[in-house]
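All remarks here apply to the structure that follows.
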Amino acid sequence: MQYLSHLNPEQQRAVQHTGKPLLILAGAGSGKTRVITTKVAWLIRERGTDPRSILAVTFTNKAAREMAERARLIDERAGDAMIRTFHSFGAWFLRRNGNLAGLDSGFVIYDDDDVVSLLGVIMDDSPKAEVRETAYKISRAKDLFLSPGDPELVLVEPGKKFRNIYTLYEERLAKTGNVDFGDLIKKPVEIMRGHPETASRFRGRFRVIMVDEYQDANVAQFELLKELYSPENYLCVVGDDDQSIYRFRGAEVRNILEFPERFPGTEIIKLERNYRSTEQILRTASSVVDHNAGRLGKTLRAERGGGKLPVLAFLPDQDEEAAYCAILIANSVKAGAGKRASWQEDASKGSLKDASKEANPAAWSDWAVLYRTNAQSLSFETEFLRRGIPYRVVGSLKFYEREEIKDLLALLSFLANPRDEVAFRRMVNKPARGVGPVTVERIVEAGAFSAEAAADLAMSGDLSARAKAGLETFFSMIENARSLLVDGTAAEKTGKKRQAVKRTGLKAGEGLSALVVTLAEDSGIAAYHEEHDEIAGNQRVFNLQELANAASLYKPSAEGLLEFLEHIELDRSMEDNSKNSGDAVTLITFHNTKGLEFPRVIMTGLEQGVFPRDDKTGADLEEERRLFYVGATRAMDELYLTSCAVRRMFGRTMPSEPSLFLWEVDRKGLRIIGAAPCGFAGSTGGGYSGRYGRSAVSGGTGGISGGMGANRAGAGKPSSDGRWRTGDRVFHDDHGYGAVIAVREEEDGPVISVHFDTGAETRFLSRYQSRQYTKIGGDS
DNA sequence: TAGTTTTAAGTTTTT
DNA sequence: CTTAAAACTA
């Protein structure tokens, strides 16, 4: 049992525990993943547990993959254990047993947007905002394991109207044969409750059940566990109430608080030794979350001790914030590479001291920049791009939110499930085929989702000739693609009805990709998007190609198609793509960092209204504090916090106050730089702008080209270094490179005239518009 | 009615 | 500044 020797006594106890239910309260960085993975292996090796009888559930695909991989490293046989997310397990269950709830195994999973579309049909005279609100409430209801008939539904929304709409929605959803996210948990529970023999079959199959991040489980997930559990089985959950950050999604902290009562005989093991962060970092993190009431109470100890003081930087605006991060990161990497430049001497007086003294070379990937909302990533992306700093944005779902991708996925969904009303509505008349709303309504009402049924309807009803022709085109295209799934040969049936479609040059590869390409071309959707994409070149067609490429990993069969669609619905992270490799800075939301760790972390946007948001009070505010805690405890060696004096929102610049958390945090444990607002002890006053600004401007080679800090720093007062002079070279986001041809003093300050290499000429007030105008080259 | 232009509105966090 | 809804034109 060599592998156990790496564990501390509590961890060993947790690994070797059997029998009664076990609740492991694992603080941040206390090695809980190691405990779970070791436990899986230990059960197999030492207790002779059949790997196939082990079920381990997590909340993210990434965590599931990591857990499986690490368990396999200890014991190969762990590869046979079922390690999945809750939702993926639910989908797996429903594919096999959904028929017990009237569900065909060919169902597709509707995402939130699809739900809104379907609900929009039911609430056709309501504004879209209200539809969204209702969709959210239905989702919460399912998280709470509440059906339309449930009296407790008033917890979600007291009105009778909501109950009616929920009822209609469920009926309509059942008609499509598809499920939403909530169903993936709720329906399996209902099936097991209604079919005891099925339930006992699953209880017999999974003798060991483990749950990671249990603090994020919702009520429905708790019910699912209860169904899977029996006293003959072993149940072990791991969680940390201080890291519960998904309340808005239905997570129920009480699940973990009340676990011992719900599962009698529960033993509790606490893991309170933090191996990840320095003591300084841990103190910063704890000092904020300490303001929360109602915690289980752990005392997390830093095994590593000491460490550098975390840095709190007050910056003028978000562009400075991005520049600050960029310079901080670039300096640490350059310092590590041994290329200590003279300009770092200046920097070393300020915040960059620690980094440039660093003995260990820093890699780009040592760094993570954290923000509250995805929208905030933009500043960092542009700044890093400009400076040549490699970065990776984690968790951005943008690809799957693109119109062209949704279009193609809708076609594929309709192919997989001909009753998919949402997909049909989206695509039947796109590109335009003369099938208007009236026709669509008639088809949907009759459920005539096939060429034959539509023809029948045309015979008896009064569809216009135009609509009839359009429907024929659409259905023959679908049928043709479907025949590819069955026997691999396109039918080309009744060729006269097929329109000649402009080809866009999409290339078919292996597996399912041929079908995806055929569908994109034949439906005319590829040509449609090529035409509507004049501005961005052929990016949209390129995206369609990307989707087709992704499909090449799947078999060109009905099963392969379902697998492909399910994978896309449940895991949109695109982590497994080639982008994952390579040395790069991580840009990530606070939420997405859970379970991750980085040597150096920058927590940005610590302003009231951004983090926490202004509308957060009570329990919601406590959740924001936990989010702060999660972010800070990701850091191993160095932690930085940034806060801006003004922030651009909706294109307008608004003054902002420091985050509440900056008043709560243990300030003595921070090194504060920049212009701190009144009341912050230890402020260095305006010391930030000069030192930092100079270093920004003068390092102009290779990756770090140009800086604009000096021009903007201080309240509209350019530092001596940042003064514009005739002949200065300039870079502008829109106009490119140019030179200053004149500087004139006006009463509002200097007016700079610039002649660009493109021939364009502009003038600007240096104190207002210096952001767009970046000085390049030396400034002395 | 299809497609474009104008105007208004609005940004959490994610399986 | 970006996106969605409403108004407008061919």
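Side-chain atoms are counted along with the backbone in the values below, which use heavy atoms only and exclude waters and symmetry mates. Residue numbering restarts at 1 for every chain, and letters A, B, ... go by the order of the sequence lines. The model shown is predicted, which means the values in this text are computed figures rather than measured ones.
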Q. Are A:F611 and A:F590 close enough, and set up right, to give a ring pair (Phe, Tyr, Trp, His ring centres under 6.0 Å), and what steps lead you there?
A. CA-CA 10 Å; A:F611 187 29; A:F590 282 96; 4.6 Å; yes
Q.
Let's test this: given Watson-Crick or G-U wobble pairing with both distances under 3.5 Å, identify the partner of B:dG3.
A. C:dC8
Q. A:L224 CG to B:dT15 P: how many Å, rounded?
A. 18 Å
Q.
Can you tell me the base-pairing partner of B:dG10? Count Watson-Crick or G-U wobble geometry only, both distances below 3.5 Å, and say none if there is no partner.
A. C:dC1
Q) With sugar-phosphate meaning primed atoms plus P, OP1 and OP2, does A:K430 contact a base, only sugar-phosphate, or nothing at under 4.0 Å between heavy atoms? A) nothing
Q: Could you work out the separation of B:dT12 and C:dA5 based on their P atoms and round it to a whole Å?
A: 15 Å
Q. Rounding to a whole Å, what distance do you find between A:I109:CD1 and B:dT14:P?
A. 19 Å
(Q) If the cut-off is 4.0 Å, is A:N61 near the phosphate of B:dT15, judged by side-chain N/O to OP1 or OP2? (A) no
Q) How do A:A432 and A:N592 order along DNA chain B: which one's closest nucleotide is nearer the 5' end? A) A:A432
Q: Using a strict cut-off of less than 4.0 Å between a Lys/Arg side-chain nitrogen and an Asp/Glu carboxylate oxygen, indicate whether A:E157 and A:K137 qualify as a salt bridge.
A: yes
Q. Among B:dA2, B:dT12, B:dT15, which nucleotide sits nearest the side chain of A:T85?
A. B:dT15
Q.
I need the CZ-P distance between A:R433 and B:dT1, as an integer number of Å.
A. 17 Å
Q.
Without decimals, in angstroms, what is the distance between A:I588 CD1 and B:dT14 C1'?
A. 13 Å
Q) With a non-hydrogen cut-off below 4.0 angstrom, is A:D111 in contact with a base, only sugar-phosphate, or nothing? A) nothing
**Q.** Interatomic distance, A:D143 CG vs B:dT14 C1' [rounded to whole Å]
**A.** 11 Å
Q) To the nearest Å, how far apart are A:D183 CG and B:dT15 P? A) 18 Å
Q: Provide, to the nearest angstrom, the distance between the CZ atom belonging to A:R647 and the C1' atom belonging to C:dC1.
A: 15 Å
Q: Report the C-alpha separation of A:E664 and A:F628 in whole Å, then their side-chain angles, then the decisive distance to 0.1 Å, and conclude whether the side-chain contact (heavy atoms from CB on, under 4.5 Å) test is met.
A: CA-CA 11 Å; A:E664 293 178 345; A:F628 180 99; over 6 Å; no
Q. Hey, does the side-chain of A:K62 have a donor or acceptor N/O within less than 3.5 Å of a partner on the base of B:dT15?
A. no
**Q.** Among B:dA2, B:dT15, B:dT12, the one nearest A:D112 by side-chain distance
**A.** B:dT15
**Q.** Nearest-neighbour nucleotide for the A:N374 side chain, B:dT14, B:dT12, B:dA2 considered
**A.** B:dT14
Q. Quick one: on DNA chain B, does A:N429 or A:M649 contact a more 5' nucleotide (nearest heavy atom)?
A. A:N429
Q) Stacking here means centres under 5.5 Å and planes under 30°; does A:Y246 stack on B:dT14? A) no
Q) Quick one: CZ on A:R140 to CG on A:N218, what's the gap to the nearest 0.5 Å? A) 8.0 Å
Q. Where the side chain of A:K128 is concerned, which of B:dT13, B:dA2, C:dA4 is the nearest nucleotide?
A. C:dA4
(Q) Taking the minimum atom-to-atom distance to the side chain of A:H87, which one of B:dT12, B:dT14, B:dT15 wins? (A) B:dT15
(Q) Any side-chain N or O of A:S88 below 4.0 angstrom from OP1/OP2 of B:dT15? (A) no
Q: Among A:V369, A:L587, A:L370, find the one that has a side-chain contact (heavy atoms from CB on, under 4.5 Å) with A:T604.
A: A:V369
**Q.** Electrostatic pair A:R249:A:D143 at N-O distance under 4.0 angstrom
**A.** no
Q) For A:F248 and B:dT13, is the gap between ring centres under 5.5 Å while the planes differ by less than 30°? A) yes
Q | Rounded distance (Å) that lies between atom P of B:dG10 and atom CD of A:Q376 | A | 20 Å
